[in-house]
Q: 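Below is the structure I would like to discuss, written out as structure tokens.
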Amino acid sequence: MQIFYGKAALMDYLNSIKTTNSTIGFVPTMGALHKGHQSLMFESIKENDITVVSIFVNPTQFNNPDDLEKYPRTLEEDIIKISNIHSDIIVFAPTVEDMYEGNTLSQSFDFDGLENKMEGKFRPGHFDGVGTIVKRLFEIVSPTRAYFGEKDFQQVQIIKKLVEKNQIPVKIIECPIFRETNNLAMSSRNERLTLQQREEAGIIYKILVQAKSMFTNNSAQKINSWVKKELEKNKTFTLEYFEIADEATLSTCIKKNKNKKYRAFIAVFINNIRLIDTISLN
Ligand code: PAF
């Protein structure tokens, strides 16, 4: 397995091994790898000649300094996990200095309003940070395909917009959410939960499934109040938002339109640990 800690060395290496027909699959991550990440890598290996996985905790996408500081960093274990998946995977684990060259700031993007909804509303600047780093990583890796998990559905829509607006020649592949045995969506932040919190967090998906079953016969507003009440019963959780939105525009569903596809989105705090999940409703 090849590991690169700087962009210049990675670019030189990729140039030395790729031919004009080589396809490059890219899996950008912030490390603390779980089965969801591993599934992205399997997909990439299946569909491309070369697979690059990046591990970089991107400071500019954290609006909360405490979240950035406590974000799990497990590079050695991550490298072992990757080498167990395939010995040919190329790992890119750059430093902040290498990626930002002394200017750890994000570029400002216009994602046609997608950046102001849900995650964007509650995490100001988050999607500017994501856009900045993903664009930079795409410039370095020049992937044919890039793989992202559906748990961050809004992020995937934003990245598709980034690619469209900047005419980046990469295909964005969306992969299904991986869940723990209690159906908690896999996330690197789950590492920070105690065993009991992790067990109790199974309620998030239960609520989403119930919301889905209510969706046929109830308004979005009615489901919103039900979810709020349900989570208030359990003092471990604080609901940041629950929203039913149009999949294409991420606009809040006020009145259901049978020609549109809707999705429920939820963000919940357990202590200071923030978890998100999503489910398609129709
Ligand atoms: O989803 C993530 O882990 C991050 O937002 C990403 C896409 C790697 C950018 O830092």
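Every number for a ligand or one of its atoms is a count from 1 in the order of the listing.
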Q: Is ligand 1 under 4.0 Å from a heavy atom in the side chain of Thr29, in the backbone, in both, or in neither?
A: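 Near ligand 1, Thr29 shows its backbone, while the atoms from C-beta on stay back.
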
Q: Tyr71 vs Phe62 aromatic rings, parallel, tilted or perpendicular, using cut-offs 30° and 60°?
A: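 Perpendicular.
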
Q: Can you report which non-hydrogen protein atom sits closest to atom 9 (C) of ligand 1, along with the distance?
A: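 Nearest neighbour among protein heavy atoms for atom 9 (C) of ligand 1, to 0.1 Å: Gln61 OE1, 3.3 Å.
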
Q: Would you please indicate if the ring centroids of Phe237 and Phe269 are separated by under 6.0 Å?
A: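 Between Phe269 and Phe237, which both carry aromatic rings, the centre distance is not below 6.0 Å.
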
Q: Using ring centroids (six-membered ring only for Trp), state whether Tyr13 and Phe4 fall under 6.0 Å.
A: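 So the answer is yes for these two rings.
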
Q: For a quick check under 3.5 Å, do Asn48 and Thr51 share a side-chain donor-acceptor pair by atom type?
A: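 The criterion, which ignores hydrogens and geometry beyond distance, is not satisfied for Thr51 and Asn48.
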
Q: Select the closest option to atom 5 (O) of ligand 1 among Arg136, Gln155, Met30, His126, judged by heavy-atom distance.
A: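 Nearest option to atom 5 (O) of ligand 1, by heavy atoms: Gln155.
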
Q: Within ligand 1, which atoms have a heavy atom of Ile133 less than 4.0 Å away?
A: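 Checking each atom against Ile133, I get 9 (C), 10 (O).
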
